[in-house]
Amino acid sequence: MVIQVEALFFPWCRVGGKTYEKLTDTPLKGWYELHAWVASWGVASSWPMGKAHQLHREAGRADLADQERLVRPRPRPGERPHGPGSWPAFPASSKPSTGTAKYEPFPGQSFFMSGSKPALGKSSPVFTAMGKRLAAEGCGLYKEGPGPKLGQADVDSYEKFQRKLGFTGTAAKWPPGPTSWAKLKVPNV
């Protein structure tokens with residue numbers, strides 16, 4: 001599978017009377033939704049060849065291309081190979097600077113997993129916020145918590161929430177998917 005995302009941006013562009021020096025200075029309209037969709041296909045939130053400003057001549061070697069899915073910005077025709085270097089960070093590691101995102105973007109199923117099993121013991125404030133929402137939805141199965149470490153109670157509670165939404169079979173099982181995540185409305189942390 002190949003997914004190519006391009007952002008048409010020119011440094012110092014003017015939109016609605018505001019001037020933006022870098023792509024990351026813009027409101028990034030749609031970036032978080034786009035990333036959630038791409039992540040829902042299992043594409044890793046990483047730059048296997050390095051982020052745009054980190055690329056070098058060796059980064060395009062075929063042996064590196066075969067090792068991982070490649071996610072990197074592509075320069076405009078005639079631009080130096082490393083481009084402007086202002087591609088936005090992935091949502092799991094960076095939140096919108098404008099504070100406009102009300103809900104935590106779907107971090108992708110790999111965020112919740114360790115191989116083929118739940119990432120029990122992994123720590124993130126996202127898990128606390130998720131657990132509080134699950135409890136508010138009447139699906140919290142917590143004896144203690146919720147807290148920042150992913151536990152079996154989080155897994156069981158989320159599966160209960162997915163059944164409440166009408167999911168059945170494997171669709172009701174861990175890990176969360178983008179549809180149920182959007183319906184849970186986990187506040188941005």
Side-chain angles (χ1 to χ4, degrees), residues 1 3 5 24-48 50-51 54 67-72 87-189:
M1 174 192 316
I3 297 176
V5 177
T24 52
D25 294 336
T26 71
L28 298 175
K29 186 175 179 181
W31 168 246
Y32 297 92
E33 295 80 3
L34 175 66
H35 181 268
W37 177 80
V38 170
S40 75
W41 284 89
V43 176
S45 293
S46 64
W47 301 99
K51 203 169 171 191
Q54 298 165 338
Q67 291 176 12
E68 296 186 48
R69 289 184 187 118
L70 302 180
V71 179
R72 68 178 179 90
W87 197 259
F90 293 108
S93 63
S94 175
K95 306 301 173 230
S97 59
T98 61
T100 58
K102 188 173 183 179
Y103 302 116
E104 192 66 30
F106 179 62
Q109 290 184 335
S110 63
F111 176 79
F112 301 99
M113 302 296 287
S114 178
S116 63
K117 297 183 179 187
L120 300 177
K122 180 178 180 177
S123 186
S124 171
V126 171
F127 298 133
T128 305
M130 176 188 78
K132 288 179 180 179
R133 285 294 303 134
L134 290 167
E137 289 288 329
C139 297
L141 300 173
Y142 301 96
K143 291 181 181 169
E144 290 182 22
K149 286 195 178 185
L150 183 67
Q152 190 60 48
D154 294 301
V155 173
D156 296 341
S157 298
Y158 205 96
E159 288 181 352
K160 182 177 179 180
F161 176 67
Q162 292 190 125
R163 289 189 302 274
K164 178 181 175 181
L165 293 175
F167 292 102
T168 59
T170 57
K173 297 289 184 186
W174 189 264
T179 302
S180 62
W181 186 261
K183 291 180 187 254
L184 186 58
K185 298 181 180 175
V186 176
N188 200 349
V189 294

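All residue numbers in this chain count up from 1 along the given sequence.
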Evaluate the criterion side chain to side chain contact (heavy atoms under 4.5 Å, CB included) for residue pair Leu120 and Val155; output intermediate values, then yes/no. CA-CA 9 Å; Leu120 300 177; Val155 173; 4.1 Å; yes
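Between the side chain of Thr128 and the backbone N or O of Gly147 there is at least one donor-acceptor pair closer than 3.5 Å. At least one donor-acceptor pair closer than 3.5 Å links the side chain of Arg133 to the backbone N or O of Lys185. One N or O on the side chain of Trp181 and one on the backbone of Glu104 form a donor-acceptor pair closer than 3.5 Å.
Two residues are said to be in side-chain contact when any heavy atoms from C-beta on lie closer than 4.5 Å; Phe112 and Pro176 meet this criterion. No side-chain heavy atom of Tyr103 sits under 4.5 Å from any side-chain heavy atom of Asn188. The closest side-chain heavy-atom distance from Phe167 to Ser180 is below 4.5 Å. Taking 4.5 Å as the limit, every side-chain heavy atom of Pro146 sits out of range of all side-chain heavy atoms of Met130. By the 4.5 Å heavy-atom criterion applied to side chains, Pro125 and Pro148 are not counted as neighbours.
To the nearest 0.5 Å, the span separating CG on Leu141 from CD on Glu159 amounts to 10.0 Å. Considering OH of Tyr142 and CG of Asp154, their distance stands at 3.5 Å, rounded to 0.5 Å. Interatomic distance, Phe161 CZ to Glu137 CD, rounded to the nearest 0.5 Å: 5.0 Å. Rounded to the nearest 0.5 Å, atoms CG (Leu184) and OG1 (Thr179) are 12.5 Å apart. Atom CD of residue Gln162 and atom SG of residue Cys139 lie 10.0 Å apart, to the nearest 0.5 angstrom.
In terms of the salt bridge (charged side-chain N to carboxylate O under 4.0 Å, His left out) criterion, Lys132 has no residue partners (sequence neighbours excluded).
Checked against the 6.0 Å centroid threshold, Phe127 and Tyr158 do not count as a close aromatic pair.
Shown here for Met113 and Gln109, the closest heavy-atom pair between the two residues is CG-O, 3.3 Å. Considering all non-hydrogen atoms of both residues, Ala129 and Val186 come closest at CB-CG1, 3.6 Å.
More than 12 heavy atoms of other residues, nucleotides or ligands lie within 6.0 Å of NZ in Lys122, so this atom counts as buried by the packing criterion.
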